[in-house]
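Notes follow the structure.
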Protein chains: 2
Amino acid sequence: MLTSSEENYIKALFYLQQKASKGVSTSSLAQRLDTKPSSATDMLQKLSEKGLVDYVKYKGALLSTDGYQLAAHVVRKHRLWEVFLVKTLGFSWDQVHDIAEQLEHVHAPLLVEKLDAFLGHPRRDPHGDPIPDKNGQIHQVEKALLSTQQNDQESILVSIKDANDDFLKYLNQKNISLGAFIKVIALEPFDGSMTVEVNHETHYFSSTITNNLYVQSL
Amino acid sequence: MLTSSEENYIKALFYLQQKASKGVSTSSLAQRLDTKPSSATDMLQKLSEKGLVDYVKYKGALLSTDGYQLAAHVVRKHRLWEVFLVKTLGFSWDQVHDIAEQLEHVHAPLLVEKLDAFLGHPRRDPHGDPIPDKNGQIHQVEKALLSTQQNDQESILVSIKDANDDFLKYLNQKNISLGAFIKVIALEPFDGSMTVEVNHETHYFSSTITNNLYVQSL
DNA sequence: ATATTATTTTAGATGAAACTAAAAATTTAT
DNA sequence: ATAAATTTTTAGTTTCATCTAAAATAATAT
Ligand SMILES: [Mn+2]
Ligand SMILES: [Mn+2]
Ligand SMILES: [Mn+2]
Ligand SMILES: [Mn+2]
């Protein structure tokens, strides 16, 4: 069985290696986990010993098949617990990440399956991220950043790229949640900012915002 | 904030000091936590430093007011999670202890209160043990061991003294659960064994059994 | 191509939580 | 009241996860 720390590392690798097709660097791993590169090196060596990570000194690391499987399972737990916290206990989507960060480390296979069944086998978490199935399979959905949408394009908000609490609170304040109807009214090529209509209310979004919202075109 | 290990120790002290009115010995503490007396000594010194335990070398330990408060809160979490596992997720009462043993260490004050509300503020866990309230208060209920009951006495099963999984499975097998109607049919003074009627079925209980069942007389 | 800069790894240290073996204190038995 | 047995504490290790500082390697700039 993995320690919480090991699980946090493979989960971080899981996220980081999605974008970067090459090996994940020690520094990016350390940064994501809010620790030091030397600590990340130590852990990569250990995970490599255990066969969970393919790691070449100075070249970065990638999850092995086993490691990927385990990471997907931790992500599954994390996202199922987030659904539970929001749907069952009534937390708002900006309150659940840190709690799920702890709950994901509870080891009890039957618990995960019972929770999944109780929640009705949800396919996405409260931030629109897909929940890996029992076998670690992830069903990605077609989606695009709002920033890539053209004038007059209509779409539905399906997920948040970086669901940090501050951004989620910003959306709360503007009454914007997943499933919102979004229409691009005007595009400012100068700085990439946008005027949009969300559920028939007008908003002005900087490119930071539009680069953090995934939508599905209608 | 306490570590999981510290929480497990104060919880063990919480149980052990209920019966033993004098200081809890290092060896009993170690035995309960399946560890060595030397490890218990180390931890008692640390908890004493932190003001959670009143500890005198060679004389045993008792929780301080602060320590008792914290311990009661861990017990509260443990028992609330047990209720959740049984009532909400459909686990049986012999499957939940080890999982709750992990869940009790999740630190999120709001989570506990939301869980408590979702469950309808239960007062007892699946084994009949009282759930401490927000302030650590425990509402004990009048109860007696089945072994103390007289012939023809009628009672209701209210809790299990030592709710170990094997004993719970034994009760499952005999279809006995909390709330069962129990009537003493015959008492064998020789070895303390008993013939009883539980929900109108006859059973033969050794004194080990009757000393592990708490009932409320009718 | 070499020098400068940045990244990564190693070496050595710390604190938490456990252990074993030995010493000290307490309890029990003669 | 001593001696023997038991319990408890201390001393010294181990493993894990982190850190800082220094050395090694890789990337970048001149
Ligand atoms: Mn985590
Ligand atoms: Mn999420
Ligand atoms: Mn525990
Ligand atoms: Mn219980």
Side-chain angles (χ1 to χ4, degrees), chain A residues 1-13 16-17 19-63 67 70-71 74 101-102 104-107, chain B residues 1-13 16-17 19-63 67 70-71 74 101-102 104-107:
Chain A
M1 243 208 36
L2 301 183
T3 65
S4 291
S5 191
E6 291 170 330
E7 288 187 339
N8 285 336
Y9 270 96
I10 60 172
K11 194 155 63 84
L13 284 166
L16 293 172
Q17 76 178 29
K19 287 286 156 186
S21 53
K22 40 206 92 171
V24 173
S25 72
T26 313
S27 51
S28 59
L29 189 54
Q31 187 177 14
R32 172 144 191 127
L33 290 169
D34 201 27
T35 181
K36 302 289 168 183
S38 55
S39 304
T41 299
D42 283 349
M43 185 56 89
L44 286 177
Q45 291 170 342
K46 183 164 48 138
L47 293 173
S48 176
E49 283 287 310
K50 292 197 176 189
L52 302 179
V53 161
D54 296 324
Y55 166 63
V56 183
K57 246 190 185 193
Y58 290 106
K59 297 294 177 188
L62 288 173
L63 291 168
L70 288 170
V74 179
E101 204 60 43
Q102 298 177 65
E104 72 190 2
H105 302 298
V106 171
H107 180 76
Chain B
M1 244 209 34
L2 301 183
T3 64
S4 291
S5 191
E6 290 170 331
E7 287 187 339
N8 285 336
Y9 270 97
I10 61 172
K11 195 154 62 84
L13 285 166
L16 294 171
Q17 78 177 31
K19 287 287 154 183
S21 53
K22 40 204 91 168
V24 173
S25 73
T26 312
S27 50
S28 59
L29 188 55
Q31 188 176 13
R32 174 147 188 122
L33 290 169
D34 200 28
T35 182
K36 302 289 166 182
S38 54
S39 304
T41 300
D42 283 349
M43 185 57 89
L44 286 178
Q45 290 171 342
K46 182 164 51 142
L47 292 173
S48 176
E49 283 286 310
K50 291 197 177 191
L52 303 180
V53 161
D54 296 323
Y55 165 64
V56 184
K57 246 190 185 194
Y58 292 105
K59 297 294 176 188
L62 289 172
L63 290 168
L70 287 170
V74 179
E101 204 60 43
Q102 298 177 63
E104 72 191 0
H105 303 297
V106 170
H107 180 75

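Throughout, protein chains are lettered first and strands after them, A, B, ... in sequence-line order, and every chain is numbered starting at 1.
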| request: Please determine if a side-chain N or O atom of B/Ser38 lies less than 4.0 Å away from the OP1 or OP2 oxygen of C/dA21. | output: no
| message | From C-beta outward on B/Ser39, which listed nucleotide comes closest to its side chain: C/dT8, D/dT8, C/dA18? | response | C/dA18
| field | Distance in angstrom units between B/Leu2 CG and C/dG15 P, rounded | value | 19 Å
| Does A/Ser25 have a side-chain nitrogen or oxygen under 4.0 Å from the phosphate oxygens OP1 or OP2 of C/dT7? | no
| said: From C-beta outward on B/Tyr58, which listed nucleotide comes closest to its side chain: D/dT18, D/dT8, D/dT20? | reply: D/dT8
| message | Expressed as a whole number of angstroms, how long is the span from B/Met43:CE to D/dT10:P? | response | 16 Å
| query | Quick one: A/Lys50 NZ to D/dC16 P, roughly how many Å, whole number? | reply | 7 Å
| Rounded to the nearest 0.5 Å, what separation is found between the CG atom of A/Leu13 and the CZ atom of A/Arg32? | 10.0 Å
| Taking atom CD of B/Gln31 as the centre, does the number of heavy atoms from other residues, nucleotides or ligands within less than 6.0 Å exceed 12? | no
| request: Consider the side chain of B/Asp42, meaning its heavy atoms from C-beta on, and name the nucleotide among C/dT26, C/dA18, C/dT10 that approaches it most closely. | output: C/dA18
| task | Please state how far atom CG in A/Leu44 lies from atom P in C/dT7, giving the value in whole angstrom units. | result | 17 Å
| query | For C/dT9, does OP1 or OP2 lie under 4.0 Å from any side-chain N or O of A/Thr41? | reply | yes
| query | Any luck finding a side-chain donor-acceptor pair between B/Ser5 and B/Thr3 under 3.5 Å? | reply | no
| Rounded to the nearest Å, what distance is computed from the NZ atom of residue A/Lys59 to the P atom of nucleotide C/dA6? | 20 Å
| Closest to the A/Thr35 side chain, choosing from D/dT9, C/dT8, D/dC19 | D/dC19
| Could you give the CD-to-P distance, from A/Gln31 to C/dT8, as a whole number of Å? | 11 Å
| query | Taking OP1 and OP2 of D/dT9, is either one under 4.0 Å from a side-chain nitrogen or oxygen of B/Tyr55? | reply | yes
| task | In whole angstrom, give the distance that lies between atom CD of B/Gln45 and atom P of D/dT9. | result | 7 Å
| said: Within a 6.0 Å radius of atom NZ on B/Lys50, are there more than 12 heavy atoms belonging to other residues, nucleotides or ligands? | reply: yes
| field | Check against side-chain contact (heavy atoms from CB on, under 4.5 Å), A/His105 and A/Leu2 | value | CA-CA 9 Å; A/His105 302 298; A/Leu2 301 183; over 6 Å; no
| task | Determine: side-chain N/O of B/Ser27 to OP1/OP2 of D/dT6, distance under 4.0 Å, yes or no. | result | no
| message | In whole Å, I'd like the distance from the OH atom of B/Tyr9 to the C1' atom of C/dA16. | response | 12 Å
| query | Quick one: which of D/dT8, D/dT9, D/dT18 gets closest to the side chain of B/Lys57? | reply | D/dT9
| field | 5' precedence on DNA chain D between A/Lys36 and B/Ser28 (nearest-nucleotide basis) | value | B/Ser28
